[in-house]
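Contents: one structure, followed by commentary.
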There are 2 protein chains.
Amino acid sequence: MTATDKHTESKIFEAATEIFEEKGLAAARMQDIADRASINKALLHYYFRTKEKLFMAVFDKLAEKMFRKFASIFEEDMPFEEKIRYFFYEHMSFLEKNPKLPMFILTEVNRSPELLDKFLSMVNISNIKSKISADISGSLPEEAIPHLMVSIISLSVFPIVAKPILQGILSQAGIEYRQFIKERKQVAPDFIINAIRQYNVQTNNKPQK
Amino acid sequence: MTATDKHTESKIFEAATEIFEEKGLAAARMQDIADRASINKALLHYYFRTKEKLFMAVFDKLAEKMFRKFASIFEEDMPFEEKIRYFFYEHMSFLEKNPKLPMFILTEVNRSPELLDKFLSMVNISNIKSKISADISGSLPEEAIPHLMVSIISLSVFPIVAKPILQGILSQAGIEYRQFIKERKQVAPDFIINAIRQYNVQTNNKPQK
DNA sequence: TATATATTTAACCAATTGGTTAAACTATTT
DNA sequence: AAATAGTTTAACCAATTGGTTAAATATATA
């Protein structure tokens, strides 16, 4: 493999990433990818053999990116309240930089759930549960923790995925979507923290490492 | 138009609804729709002329259904806390019966946001805002209301849309998705209500009409 | 019952799509 | 420099796709 083909292969990969993120597998066309990469379509097959294999290479990269980001944030060692705030800040900043990623993943995993198989273990919910239990005291029931986590994800991801709808509805009230998402980085963690206050949750004031 | 063709047309429409919901516009095939309806493919064109027109008929019907459900629940006259509980119960029951609908709408409006134009006015956010302000007293800032509404929608819709992911992750901890969603009808409104308690929100105890 | 109208069928069509092929071109090795 | 290996191109291919056509069939009307 020469420097030239490393270049061609990555050009293809980048173009494919964009096109697949924008259109999904079903609507993406090999000719569109070739056009985006400014190469002859036959090269797609020379380097990646089939559309399916090219798609899988892209999906794997993007899903890894998304799940790793999620998992790493949640497993950080820090006081719980701070972790919630850090999660929203980090996760929503990540989503801001990758606005098409969640919708891409959701589209493809709804079509083909087995695509997820190799990524699920990256999110160890039992591990996260014990970390959360260790981080907080009070009467938060253990069975509430998955709900809490799903709520956290819901509050951060859904407004991104529903952008066209929210943009339309919010603009009726003179609210600008970008500004709304900006505020949300603050509002959403407040919301979560206040919601769990009912359990007399005291976040441990452990010294930070 | 005869009784027979009313029958054929609705058979086509129903089959198209299923196929478009399952696959979206890009991946749906006219032959698949014809097979699902047990008719000859040419009839799709006889009754609906083009794929695009058939899709639009289906999209309009489904989007109307979804937006009308959302809007009607939120404009109910009842005490706020009760409205939140009613919203989650009604909305999540609706989503349970139409599990593919949100993902279908999200997919298509992300691809083509102008599809939304005729439905946005069904959700009058300013109207909802004044209703909520009238329903509750306390110090909930007006600019927090859109965030509250988006949170409510996020908490109800996202777990449906993310079913494959949640199913995978939750099963690792021995949690069954269906049971999780069932619990959520109770957990999510609790969450919302507790979250806004910080504003010294008192829900009006107006007599029900 | 005969005629007109509407519906359905099966065959066909042009365009598009993912993929293949072999020649031309470029880079590397002997 | 010639031979070999690797990359790229442009043309081509078979299958699929949304759509069309005209004949056959069914239904409605006079």
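Lettering follows sequence order; numbering is per chain, from 1.
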Which one, D/dA10, D/dG18, C/dG19, comes nearest to the side chain of A/His45?
C/dG19
Counting only side-chain heavy atoms from C-beta out, which of D/dT20, C/dG18, D/dT9 sits nearest to A/Lys41?
C/dG18
What is the nucleic acid contact for A/Ala34, judged by heavy atoms within less than 4.0 Å: base, sugar-phosphate only, or nothing?
nothing
Using atom CD of B/Gln31 as one end and atom P of C/dA11 as the other, report the distance to the nearest whole Å.
13 Å
Starting from P on C/dT20, measure out to CE on A/Met30 and report it in whole angstrom.
10 Å
Separation of atom CG in A/Leu43 from atom P in C/dA22, rounded to whole Å
18 Å
Could you check how far CD of B/Glu9 sits from P of C/dA6, rounded to whole Å?
15 Å
Starting from C1' on C/dT16, measure out to NZ on A/Lys51 and report it in whole angstrom.
12 Å
B/Phe55 atom CZ is separated from D/dT17 atom P, nearest whole Å, by 18 Å
Quick one: is D/dT20 close enough that its OP1 or OP2 comes under 4.0 Å of any side-chain N or O from B/Tyr46?
no
Check every atom of C/dT9, C/dT8, C/dT21 against the side chain of B/Ala42 and return the nucleotide holding the closest atom.
C/dT9
d(CG, B/Asn40; P, D/dG18) in whole Å:
14 Å
Quick one: do the A/Asn124 and A/Lys129 side chains pair a donor with an acceptor below 3.5 Å?
no
Between D/dT8, C/dT8, C/dT17, which nucleotide has the shortest distance from any of its atoms to the side chain of B/Thr8?
C/dT8
OH of B/Tyr47 versus C1' of D/dT20: gap in Å, rounded?
17 Å
Flag this pair as yes if the NZ/CZ of B/Arg184 is under 6.0 angstrom from the six-membered ring centre of B/Tyr177 and inside a 45 degree cone about the axis; otherwise no.
no
Answer yes or no: does a side-chain N or O of B/Thr50 lie under 4.0 Å from OP1 or OP2 of D/dG18?
no
Give me the ring orientation class for B/Phe180 and A/His147: parallel if the planes are under 30° apart, tilted from 30 to 60°, perpendicular past 60°.
parallel
Name the orientation class of the two ring planes belonging to B/Phe104 and B/Phe59 (parallel below 30°, tilted from 30 to 60°, perpendicular beyond 60°).
tilted
State which of D/dT21, D/dT17, D/dT9 makes the closest approach to the side chain of B/Arg29.
D/dT17
Aromatic rings B/Phe87 and B/His91: how do their planes relate, parallel, tilted or perpendicular, breaks at 30° and 60°?
tilted
